[in-house]
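So the structure is just underneath, and the comments pick up after that.
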2 protein chains.
Amino acid sequence: MNRFMEQFMKSGYKLTRPRRLLLERLEDLDRPFTAEELYEMMNREGIGRATVFRTLKLLLDIGILVRVHLEEGCQHYQLAAGLPGEDHHHDRIICRFCGKITDLDECPMRNDVAAIAKRSGYRLQGHHLDLYGICSRCDADNQKSH
Amino acid sequence: MNRFMEQFMKSGYKLTRPRRLLLERLEDLDRPFTAEELYEMMNREGIGRATVFRTLKLLLDIGILVRVHLEEGCQHYQLAAGLPGEDHHHDRIICRFCGKITDLDECPMRNDVAAIAKRSGYRLQGHHLDLYGICSRCDADNQKSH
DNA sequence: ACAAAAATGATACTTTGTATCAATTGGAGG
DNA sequence: CCTCCAATTGATACAAAGTATCATTTTTGT
């Protein structure tokens with residue numbers, strides 16, 4: 001009976017075998033995962049597709065999981081508890097030509113977050129910044145072909 | 001024969017009836033659209049599903065379209081020419097509890113873009129910033145239920 | 001231990017595409 | 001202008017990622 005199971009029952013849901021197994025697996029999953037990845041794990045223990053997807057939805061409702069939005073195969077899930085407060089972010093530049101992704105070393109939002117939280121009234125937990133452009137290499141290649 | 005059709009033929013592709021019709025529709029579409037939306041339009045003129053998706057892919061390759069990444073139903077397409085340079089952006093705060101979305105009135109990135117472009121070597125065209133948190137209302141509701 | 005309510009899993013269906021392939025068409029060259 | 005053939009099309013079947021239905025099973029309050 002881990003912390004997720006308690007939270008689950010407190011929310012008024014029954015703790016069944018499939019749910020118990022799923023919540024056990026969840027403890028190890030510190031990185032974002034897709035529904036399909038989770039389904040494959042659970043299916044090896046005989047748990048059906050519908051149940052996995054239904055349980056994912058419940059966990060989102062309860063707040064144990066959050067959806068994170070990654071460019072590639074964009075529906076991912078992540079433990080809400082794994083989000084380290086305002087430090088959770090994901091900042092990068094994507095080349096619209098070749099798709100190359102460069103992660104930003106420094107977060108351009110670091111000085112703005114507190115002010116935005118104050119003005120907006122939100123308690124901020126993190127962010128996701130995608131800059132779009134043309135990388136230097138593609139830019140050079142395009143110049144040549146003119 | 002509009003600018004898209006010229007660019008299409010210059011790239012070595014045949015300008016067929018379905019493609020001509022699709023490129024005509026494209027001229028009006030200034031907002032992001034999904035493949036499905038485009039398919040519905042084209043299908044009314046008797047153009048097949050496969051052709052619409054194939055042509056979309058070609059237009060991405062050629063650079064007439066870019067994919068934009070919106071949270072809701074995340075695969076959208078947009079005219080590359082419609083992107084207004086560095087002014088193209090989309091900044092907002094999303095409540096992880098109720099899903100409420102608040103658009104930011106001022107762009108927190110406005111002062112950082114030039115420096116990032118310089119350091120990264122990318123020619124920046126726009127960005128997309130999602131802040132995540134709990135809105136004041138959900139935050140208050142959660143306090144109460146403890 | 002029992003009954004009611006909740007949850008399950010098999011199955012069929014939906015949505016958003018992709019692969020196949022026989023039939024058609026655009027356009028380069030004569 | 002006409003012909004030919006590679007490129008393209010659309011019908012169809014298939015795939016991946018879910019969702020809806022419903023008869024059966026499991027939990028839990030008493």
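In what follows, chains carry the letters A, B, and so on, assigned in the order in which the sequence lines appear, proteins first and then strands, with residues in each chain numbered from 1.
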Expressed in angstrom and rounded to an integer, what is the separation of [X] atom [atom1] from [N] atom [atom2]?
| X | N | atom1 | atom2 | answer |
| --- | --- | --- | --- | --- |
| B/R49 | C/dA19 | CZ | P | 14 Å |
| B/M5 | C/dG27 | CE | P | 12 Å |
| A/K57 | C/dA7 | NZ | C1' | 15 Å |
| B/I47 | C/dT25 | CD1 | C1' | 14 Å |

Donor-acceptor list for residues 38-54 of chain A side chains, cut-off 3.5 Å, not counting sequence neighbours:
| from | atom 1 | to | atom 2 | distance (Å) |
| --- | --- | --- | --- | --- |
| A/Y39 | OH | A/N43 | ND2 | 3.3 |
| A/N43 | ND2 | A/I47 | O | 3.3 |
| A/E45 | OE2 | A/R25 | NE | 3.2 |
| A/E45 | OE2 | A/R25 | NH2 | 2.9 |
| A/R49 | NH2 | A/E36 | OE1 | 3.0 |
| A/T51 | OG1 | A/R54 | NH2 | 3.4 |

Which residues pass the side chain to side chain donor-acceptor pair (under 3.5 Å) test with A/E27, sequence neighbours left out?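 In terms of side chain to side chain donor-acceptor pair (under 3.5 Å), with neighbours along the sequence ignored, A/E27 is linked to A/N2.
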Supply the atom-to-atom distance [X] [atom1] to [Y] [atom2], rounded to the nearest 0.5 angstrom.
| X | Y | atom1 | atom2 | answer |
| --- | --- | --- | --- | --- |
| A/H127 | B/D91 | NE2 | CG | 11.0 Å |
| A/I62 | A/M9 | CD1 | CE | 11.5 Å |
| A/R92 | A/Y132 | CZ | OH | 7.0 Å |

Which residues, if any, of residues 6-15 of chain A bring a heavy atom under 4.0 Å of DNA chain C?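 Listed by number, they are A/Y13, A/K14.
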Selection: residues 17-28 of chain B, any non-hydrogen atom under 4.0 Å of DNA chain C: none
Those residues that, when tested against A/E6, pass salt bridge (charged side-chain N to carboxylate O under 4.0 Å, His left out) (two or more places apart):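 Per chain and number, A/E6 pairs via salt bridge (charged side-chain N to carboxylate O under 4.0 Å, His left out) with no residue.
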Just wondering, do [Y] and [X] contact through their side chains at under 4.5 Å, heavy atoms?
| X | Y | answer |
| --- | --- | --- |
| A/T55 | A/P18 | no |
| A/L79 | A/F4 | yes |
| B/H128 | A/L129 | no |
| A/M109 | A/I116 | yes |

Can you name the residues that form a side-chain contact (heavy atoms from CB on, under 4.5 Å) with A/E24, not counting sequence neighbours? A/M5, A/R20, A/L21
Contacts of B/K14 that satisfy side-chain contact (heavy atoms from CB on, under 4.5 Å) - sequence neighbours left out: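 Checked B/K14 against side-chain contact (heavy atoms from CB on, under 4.5 Å); matches are B/T16, B/R19.
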Correct closest heavy-atom pair for A/L60 and A/L65 would be CD2-O, 3.5 Å
On a heavy-atom basis, which atom in A/E37 and which in A/P32 lie closest, and how many Å separate them?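 Scanning both residues completely, I find the closest heavy atoms to be OE1-O, 4.3 Å.
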N/O (side chain, B/T16) to phosphate O (OP1/OP2, C/dT25) under 4.0 Å: no
Using heavy atoms and a sub-4.0 Å distance, could you list which residues of residues 36-46 of chain A are near DNA chain D? By number, please.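 Listed by number, they are A/E36.
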Inter-axis angle, terminal five-pair segments of the helix from C/dA1-D/dT30 to C/dG30-D/dC1 [nearest 10°]: 30°
Using heavy atoms to find the nearest nucleotide of DNA chain C for A/T55 and B/Y77 separately, return the residue whose nucleotide is more 5′.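 It is A/T55 whose nearest nucleotide is closer to the 5' end.
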Pairs satisfying side-chain hydrogen bond (donor to acceptor under 3.5 Å, both in side chains), at least one member in residues 101-121 of chain A, at least two apart: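 Qualifying pairs, neighbours excluded: A/T102-B/Y122, A/E106-A/R110.
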Covered region of DNA chain D, 5' end to 3' end, by chain A [heavy atoms, under 4.0 Å]: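 In short, chain A contacts DNA chain D from D/dA17 to D/dT28.
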B/Y13 meets the ring pair (Phe, Tyr, Trp, His ring centres under 6.0 Å) criterion, sequence neighbours left out, with B/F8
